[in-house]
Amino acid sequence: MGIMVDGQFKCFGSSQHIKDKYGLGFEIEVKVRPLSDTEIEQLKAKAGVTSEAVSKAGLAALMRKLGYEDMKHEIIEGGLGSDLHRVLTRTGKLYVDELMRWAHIERNGG
């Protein structure tokens, strides 16, 4: 295992050696490139999604259609999708593009 800073390795050793020397745990930073508008439109077209927004009643079906069915349980108060839950509760709808951006980030490294 190694620690890289600004593209250069600063320390090598076992995970226990690094933990003993530098800290109490591990912190990993993962950067995920967000979906572009073009990618979102392509994914929507592939799934046959034509609406711009979805209601709470249609959320499960939309997420299934987009392949995000396993993430619906996170769109609750206190869940990973709590911000989306607040918007859905306040306005009664979610914009499909924002849902897709959130799901992409959460699935790929959020």
Side-chain angles (χ1 to χ4, degrees):
M1 179 179 275
I3 296 176
M4 183 181 282
V5 177
D6 295 324
Q8 295 188 7
F9 283 104
K10 300 294 183 179
C11 177
F12 288 100
S14 68
S15 59
Q16 188 62 50
H17 167 75
I18 291 171
K19 182 177 176 183
D20 290 345
K21 188 168 183 174
Y22 294 102
L24 300 173
F26 296 97
E27 183 176 324
I28 298 173
E29 182 178 337
V30 177
K31 294 183 181 182
V32 177
R33 182 185 58 78
L35 292 171
S36 69
D37 291 343
T38 301
E39 289 170 317
I40 286 176
E41 292 307 316
Q42 289 170 345
L43 289 169
K44 285 167 56 176
K46 183 177 177 182
V49 175
T50 56
S51 59
E52 293 298 315
V54 63
S55 68
K56 188 173 187 175
L59 183 60
L62 175 68
M63 292 187 78
R64 187 172 35 259
K65 201 175 214 184
L66 292 168
Y68 301 135
E69 183 176 16
D70 60 314
M71 301 175 76
K72 185 186 179 310
H73 71 279
E74 292 294 350
I75 303 177
I76 58 170
E77 187 175 336
L80 293 174
S82 60
D83 290 341
L84 295 176
H85 174 73
R86 278 191 291 279
V87 171
L88 188 58
T89 301
R90 189 177 66 245
T91 67
K93 66 180 179 181
L94 284 176
Y95 286 103
V96 175
D97 294 10
E98 293 306 313
L99 174 66
M100 292 176 72
R101 285 186 174 94
W102 169 80
H104 172 75
I105 295 294
E106 289 302 323
R107 179 168 281 161
N108 293 291

What's the shortest heavy-atom distance between [X] and [Y], and which atoms?
{"X": "V54", "Y": "L59", "value": "CG2-N, 3.6 Å"}
{"X": "Y68", "Y": "M100", "value": "OH-O, 4.0 Å"}
{"X": "K56", "Y": "L88", "value": "N-CD1, 3.7 Å"}
{"X": "L80", "Y": "E74", "value": "N-OE1, 3.0 Å"}
{"X": "M63", "Y": "L99", "value": "CG-CD2, 4.0 Å"}
{"X": "L66", "Y": "A47", "value": "CD2-CB, 3.9 Å"}

For [X], enumerate each residue passing the salt bridge (Lys or Arg N to Asp or Glu O under 4.0 Å) test, keeping only those at least two apart in sequence or located in another chain.
{"X": "R101", "result": "D37, E98"}
{"X": "R33", "result": "E39"}
{"X": "E77", "result": "none"}

Could you state the interatomic distance from [atom1] ([X]) to [atom2] ([Y]), rounded to the nearest 0.5 Å?
{"X": "I75", "Y": "H85", "atom1": "CD1", "atom2": "NE2", "value": "10.0 Å"}
{"X": "I40", "Y": "D97", "atom1": "CD1", "atom2": "CG", "value": "4.5 Å"}
{"X": "I76", "Y": "L84", "atom1": "CD1", "atom2": "CG", "value": "12.0 Å"}

- More than 12 heavy atoms of other groups within 6.0 Å of K44 NZ: yes
- Item | hydrophobic_cluster_shared for Y95 and V87, side chain cutoff 4.5 Å | no
- Query: Are L43 and I105 linked, directly or through other ILVMFWY residues, by side chains that come within less than 4.5 angstrom of each other?
  - Reply: no
